[in-house]
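What follows is a set of notes on a single structure, which appears directly below.
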Amino acid sequence: MALLQISEPGLSTLPHQHRLAVGIDLGTTNSLVATVRNGISVVLNDENGRAMLPSVVRYLADGSVAVGEAAQAMQSEDAANTIVSVKRFMGRGLKDVGEISRLPYRFADAPPTGTGQGSGMLQLRTVAGVKSPVEVSAEILKVLRNRAEAALGGELVGAVITVPAYFDDAQRQATKDAARLAGLNVLRLLNEPTAAAIAYGLDNAAEGIYAVYDLGGGTFDISILRLSRGVFEVLAANGDSALGGDDFDQRIHCWLLEKNHLSALGPQDTRLLLTHARAAKEQLTEHAETRITAALSTGEVIDNVLTRSEFHTLSQNLVQRTLQPLRRALRDAKLEVADIKGVVMVGGATRMPQVQHAVEEFFGQTPLTNLDPDKVVALGAAIQANLLAGNRSGDEWLLLDVIPLSLGIETMGGLAEKIIPRNSTIPTARAQEFTTYKDGQTAMSIHVVQGERELVSDCRSLAKFELRGIPAMVAGAARIRVTFQVDADGLLNVSAREMGSGVEAAIAVKPSYGLSDGEITRMLQESTQHAQDDMHARALREQQTEAGQLLEAVQHALEQDGGLLSQAERTLIETQMGLLRDTLQLADHLAIKRAATALNDATVSFAQARMDKSVAHVLTGKKIAELGEK
């Protein structure tokens, strides 16, 4: 530890001015807290010298709560009241959780949200009452906050909390709510791969393009960053929000069931086997084989030997699932594998030999593991927290992160108009102007969506609000400016303003719960797989919308000025209108366009006659001299 630091005047904070801030890695399996001491980022240990706090919470009948090792020790004996991997429930509803019957918990109906955006986040029924994932996560964060305040000897100014890069708006908001419930001031939500890159980059003075491969207990993220003279620029992010170390445990669990000819087990035995599966996974990291022995509640004894090669076969497709996001991230960043200078491994699950081998084979280089993959995220978060707290360390650096999925609104015909494309640097604000569809329209519904597809039905609905009080004008005359603002935490605010009158409406987008397992991954996969279909669907919707507007305008003109036409002219126009209506039933945008063009051609002389009538009306009773004066 450095006893003396010499800094340029004004570049370091005086000891009595140092503000206490921490970085927290709120993990699926384990959680950590770190801070910056004497210019160095360090993980804070508990009173027993342990850095990692198991992310396990047990509720007892007397109202007390056990967190960490004490709760973990009882996860098999009291499975229903001991919550593990709660991070997978954050910001999610019951319908988003797959195979509920295999989980040992008693789920309760979520309370109504009052937003009309969903049924709310799932709830867990315990002996101490109904608990939400936010409350469970808050218990973990309270322990980390108390650990930090005891170690640092004072109250915290705030904390940077890390989240998976692929956490959506609701999951981020749930994390922020949990921190507030734990008495923490959230300085920033920081993407986990980005935090790791900060720690690695500053510790190694690295420059160039790096990939951060983050396989944690519940999620997988890949980020591509450019490190250059203190600038950390995220070029692309991708991942799988339904893939993590827990899934590898599940494979071993299923293998045990098959080997021992077991079917459905009770909650206690299920948790027992999953606990042994996790221990076996960790053993196989260092050993060629491991013995799994467990006594079930039925009296049956499980005794099997699992070899490393068998485990590799069981988990092969899980490892392969991490490679598709790698390819997508490189494509989004417009890079080749050869452009990657180094690969930083993050998360305890990256210790598995089959994972390291797959990454080495994909990138053609040995992954970088000189920083502890369990601690690197917390260390990077601490560096960011120290900066945001206002402590000057002498290291000047800038962080440029991105959003993982495009944001936009629904337009006529059910089309998704992207306003902020994915991998845009945050914080960011972008605006786009829209207009009204009908004459005299005084209100507009704004539907905010997230995703990469062309149709709203294929994207995720985030929020809806209305802009009212628009002055009545002809269709297309109003100018509605819609502004999207994404803050540094990746949270979204949307506002709409009618530019003529100044009428405005806004909403802070807070979906009732997050995307379902794999939904974000599915969105990106489908955006590629269905690109041609989407282009055709968009062209069809656009032509249908334009044709509908044309038919409405011609019908209105016939009702007002039909007397200007001869019977033959009117018959021709009505025939073309009928043909266009019939063509609208076809899924052929080119046919619709041809029919619309034919109707336009048939109404040219009618439009001219209406123009002449309008001019004649204006000139009626006017003298030439008066017109000249004007």
Side-chain angles (χ1 to χ4, degrees), residues 91 117 163-173 191 194 221-224 233-241 324-325 327-334 400-434 446-465 481-496 507-511 514-516 518-535 537-539 541-542:
Q117 297 175 37
V163 293
Y166 256 53
F167 255 25
D168 79 321
D169 213 67
Q171 292 164 306
R172 290 170 188 269
Q173 191 62 55
N191 289 342
T194 308
D221 289 315
I222 178 69
S223 291
I224 309 294
E233 180 185 5
V234 181
L235 302 177
N238 215 293
D240 189 333
S241 60
Q324 285 302 318
R327 296 184 181 95
R328 289 195 294 268
L330 286 171
R331 185 172 62 246
D332 287 346
K334 298 179 175 58
L400 302 173
D401 217 333
V402 300
I403 60 167
L405 284 172
S406 300
L407 296 162
I409 69 168
E410 178 179 0
T411 58
M412 287 304 300
L415 297 175
E417 182 69 24
K418 296 178 180 64
I419 293 180
I420 300 181
R422 75 173 187 268
N423 289 321
S424 294
T425 301
I426 57 174
T428 187
R430 297 194 187 185
Q432 196 164 322
E433 287 194 1
F434 299 88
I446 311 294
H447 182 195
V448 184
V449 296
Q450 183 179 38
E452 305 308 318
R453 301 292 297 277
E454 297 295 334
L455 302 184
V456 166
S457 58
D458 296 321
C459 293
R460 172 74 175 188
S461 174
L462 290 184
K464 291 182 180 179
F465 68 104
R481 188 174 181 85
V482 179
T483 303
F484 277 44
Q485 293 180 306
V486 181
D487 64 18
D489 295 329
L491 301 176
L492 172 65
N493 286 273
V494 181
S495 63
I507 187 171
V509 178
K510 294 182 181 179
L515 301 179
S516 62
E519 192 166 345
I520 293 178
T521 303
R522 176 184 58 77
M523 286 179 176
L524 287 178
Q525 288 175 337
E526 291 183 352
S527 71
T528 302
Q529 295 169 358
H530 300 287
Q532 291 297 325
D533 293 341
D534 284 354
M535 288 175 62
R538 185 177 187 91
R541 289 291 180 90
E542 287 175 343

Any Ile409 side-chain heavy atom under 4.5 Å of Val449 side chain: no
Shortest non-hydrogen separation from Glu417 to Gln432 and the atoms involved: OE2-NE2, 3.1 Å
Side-chain touch Gln485/Thr483, heavy atoms, less than 4.5 angstrom: yes
Residue pair Asp221 / Asn191, side-chain heavy-atom distance below 4.5 Å: no
Atom pair CD (Glu433) and CZ (Arg481), whose distance is rounded to the nearest 0.5 Å: 5.5 Å
Nearest heavy-atom neighbours spanning Ile222 and Gly239: CG2-N, 4.3 Å
Close side-chain approach of Thr428 and Phe484, heavy atoms under 4.5 Å: no
Non-hydrogen side-chain atoms of Arg422 and Asp332 separated by less than 4.5 Å: yes
Smallest separation among heavy atoms of Pro325 and Asn238, with atom names: O-CB, 3.6 Å
Side-chain heavy atoms of Ile419 within contact of Arg430, under 4.5 Å: yes
Closest non-hydrogen atom pair, Arg172 against Phe167: NE-O, 2.9 Å
